[in-house]
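Encoded as structure tokens, here's the structure I'll be asking about.
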Protein chains: 2
Amino acid sequence: MKKLPHPDPISGASYSAVELAPANDHVVMMDQRRLPTDERYEELETVQAVVDAIADMVVRGAPAIGISAAYGMVLASHEIRGDYVKGMIEAGKLLKAARPTAVNLAWAVDKMIDEAKSHASLKAGERMERMAEAARQIHREDVAANHEMGRLGAARIEDGATILTHCNAGALATGGYGTALGVIRAAHEAGKKIKVLADETRPYLQGSRLTAWELHQDGIDVELITDASAASFFGRDEVAMAVVGSDRIEANGDVANKIGTYGVACLAKAHGKPFYVAAPWSTVDEACADGPSIPIEQRNAREVTHVGDAQLAPTGVTVRNPAFDVTPAELVTAIFTERGVIEPVGPDAVRRLSPNE
Amino acid sequence: MKKLPHPDPISGASYSAVELAPANDHVVMMDQRRLPTDERYEELETVQAVVDAIADMVVRGAPAIGISAAYGMVLASHEIRGDYVKGMIEAGKLLKAARPTAVNLAWAVDKMIDEAKSHASLKAGERMERMAEAARQIHREDVAANHEMGRLGAARIEDGATILTHCNAGALATGGYGTALGVIRAAHEAGKKIKVLADETRPYLQGSRLTAWELHQDGIDVELITDASAASFFGRDEVAMAVVGSDRIEANGDVANKIGTYGVACLAKAHGKPFYVAAPWSTVDEACADGPSIPIEQRNAREVTHVGDAQLAPTGVTVRNPAFDVTPAELVTAIFTERGVIEPVGPDAVRRLSPNE
């Protein structure tokens with residue numbers, strides 16, 4: 001059963017987080033808030049609709065947000081009536097403000113603004129074509145990068161391994177294939193018999209709602225566990241390694257990712273197991289020196305106190321709900337990127353692979 | 001607003017997990033499944049009703065289960081028509097089977113059977129009185145033990161400290177005052193300005209539903225956090241110490257407790273912070289040599305895949321849902337009991353405090 005309303009998705013799968021319609025006039029986006037029970041797609045026709053979708057977490061995952069923003073810029077170029085470049089910069093500001101921590105978002109928007117500047121003198125229809133092609137290229141390159149990361153990461157996975165992952169760094173978090181789940185998919189496709197332990201990832205439950213859904217769809221052996229139980233599986237020596245994605249990697253190799261990632265890294269360290277990160281180079285923020293300077297988004301208390309209409313905590317209780325944490329470079333065994341493996345993780349290895357060197 | 005239908009609760013608070021009615025003819029029990037939104041009490045008139053309440057988790061927490069069972073034995077003594085001691089032993093078997101892992105449950109039932117044997121020759125009315133007094137004594141001693149543990153534990157808490165706790169080891173898990181939360185209450189009552197970070201404790205959410213409710217009721221500064229975010233608060237050096245309860249302590253000092261406890265202990269160790277356990281001596285199972293021999297109860301997948309009617313995971317996904325984990329003695333800084341502090345935690349310190357030595 002194919003539900004995705006797109007004839008030729010760049011995701012390369014029967015589902016996709018986000019695609020641009022062939023006529024370039026709207027964005028097709030899965031409403032990930034409805035998973036795991038309902039695979040439903042929205043058609044977004046304005047840049048504001050894309051901004052809202054990012055802010056409301058219809059789409060999430062740093063690379064998928066970046067691609068969505070690029071497609072949002074295509075819709076913006078369709079809407080602008082006055083000064084084209086100025087209008088594009090304004091649209092970009094709106095998009096960047098939708099989620100503050102994701103560095104790929106700013107990266108994708110800036111790439112699209114550069115593109116807009118380079119063809120500002122063209123006619124509206126031609127500008128649209130160029131913008132659409134640039135955005136699709138960002139999408140294609142993301143999927144290709146994930147396959148490359150997958151190839152590099154899968155080489156570290158032994159046959160029979162049980163792999164812990166946290167949050168969703170899968171096809172749904174990216175243009176397709178996934179970063180951390182790309183590594184897992186590549187190992188599976190290489191014929192390795194692996195098992196995945198998927199943390200449910202409170203409060204937003206990306207692990208149970210999305211990662212378990214993706215792997216279950218693909219027929220990869222997955223077991224859903226609560227976040228706090230991960231320690232006991234390390235303690236019983238069931239976990240061979242952990243692999244996660246990242247929202248932002250600093251110049252020194254510190255890794256910002258979904259809240260709870262740092263705890264997984266501490267557990268891997270305490271039990272002598274490798275802790276891997278898979279992320280495209282667009283996640284690397286070479287301008288940011290280290291983790292403590294990363295702005296950490298605080299999200300709404302209701303994510304913790306309620307599930308749907310069910311109230312889980314007493315009325316009026318104070319909640320702390322940071323969306324991300326920072327794992328220091330020394331806890332990360334290696335980072336798989338499409339430019340190669342950052343290892344040992346630190347400023348030298350980051351600089352060595354940098355396209356700016 | 002006082003909702004507890006009892007004039008003089010042994011719990012010493014405006015609420016209580018379980019009390020015996022003054023006329024000894026029924027047990028008053030809070031239905032903890034309804035918290036945090038609804039503080040409702042059930043009146044249980046038969047031992048079978050108490051058995052069902054324990055099995056269905058109307059009451060939970062090892063000490064509270066033990067006290068409930070003792071009160072259940074009072075109701076049993078009311079009901080028995082034939083051979084008194086034989087009837088009491090039969091009733092005890094029913095109660096012990098309700099939650100087979102809780103070591104305090106068997107301990108309380110055996111204590112009540114001994115009591116029954118000692119006054120088997122008395123008239124029915126007098127037997128009831130004696131049984132009721134013996135059960136209330138178990139309850140009073142539990143509350144007194146918690147105050148003593150609290151005193152010992154509070155001495156380790158510095159003014160201004162932020163304390164992490166996991167699950168609910170509070171008034172609701174005991175006869176009153178609590179074990180881990182007794183330590184926190186004692187520090188608060190001593191005038192120390194403390195803050196509590198309460199892990200929500202998936203999947204059953206004892207932290208958000210019960211611990212946050214209790215501390216919020218008492219006006220103790222509490223912030224609710226997700227289990228996986230605890231690491232980030234350690235990482236930012238916000239957590240001074242962790243304190244938890246226990247379901248079973250082995251002769252070597254290994255601690256079985258709610259799933260997720262071991263992860264908290266690993267984090268405390270990694271960040272150089274103390275990890276404390278508070279538990280009555282009835283939790284210590286000197287007959288069990290070490291943690292790995294403890295049978296770990298696997299609970300229903302639905303606790304993880306659903307909250308109420310909301311489906312959180314894809315249909316058909318495999319779930320692992322262990323209810324407890326085991327923290328090795330070497331990760332535990334000290335264990336507060338009413339017999340003194342087990343420290344350094346290991347077989348020698350357990351033996352030194354044992355009433356059997």
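Order of the sequence lines fixes the chain letters, A, B, ..., with proteins taken first and strands second; residue numbering starts at 1 for each chain.
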Heavy-atom cut-off 4.5 Å, strictly under: side chain, backbone, both or neither for A/Phe234 against chain B? neither
Under 4.5 Å to a heavy atom of chain B? For A/Pro203 that would be both
Kindly compute the distance separating OG (B/Ser232) from CD1 (A/Ile259), expressed to the nearest 0.5 Å. 3.5 Å
Between A/Gly316, A/Gly308, A/Ala230, which residue shows the highest count of heavy-atom pairs closer than 4.5 Å to chain B? A/Gly316
Would you list the atom pairs, donor with acceptor, under 3.5 Å between side chains in residues 268-279 of chain B and any protein atom, with sequence neighbours excluded?
unit_1	atom_1	unit_2	atom_2	d
B/His271	ND1	B/Leu267	O	2.7
B/His271	NE2	A/Tyr262	OH	2.4
B/Lys273	NZ	B/Asp237	OD1	3.0

Top contributor to chain A contacts, counting heavy-atom pairs under 4.5 Å, from B/Ala231, B/Gly260, B/Pro314: B/Pro314
d(B/Lys195 NZ, A/Thr318 OG1) to nearest 0.5 Å is 9.0 Å
Looking at A/Arg320, A/Arg202, A/Glu200, which makes the most heavy-atom pairs under 4.5 Å with chain B? A/Arg320
Just how far is it from atom CG of B/Asp199 to atom CG of A/Asp227, taken to the nearest 0.5 Å? 10.5 Å
By a 4.5 Å heavy-atom criterion (distance strictly below it), what part of A/Thr37 contacts chain B: side chain, backbone, both, or neither? side chain
Checked B/Asp325, B/Thr261, B/Val317, B/Thr327 vs chain A; the most non-hydrogen pairs under 4.5 Å come from B/Val317
So what's closer than 4.5 Å to chain B heavy atoms on A/Ala310: side chain, backbone, both or neither? side chain
Any chance CG of A/Asp38 has more than 12 other-residue heavy atoms, nucleotides or ligands included, within less than 6.0 Å? yes
What part of A/Glu238 is in contact with chain B, defined as an atom under 4.5 angstrom from a non-hydrogen atom: side chain, backbone, both or neither? side chain
Report, by ascending residue number, the residues of residues 217-226 of chain A in heavy-atom contact with chain B at a distance under 4.5 Å; give 'none' if the set is empty. A/Val222, A/Glu223, A/Leu224, A/Ile225, A/Thr226
Between B/Pro322 and A/Phe233, is any pair of side-chain heavy atoms under 4.5 Å apart? yes
What residue in B/Glu303, B/Arg209, B/Arg236, B/His166 has the most heavy-atom pairs under 4.5 Å with chain A? B/Arg209
When you measure from the side chain of A/Ser208 to the backbone N and O of B/Leu312, does any donor-acceptor pair fall under 3.5 Å? yes
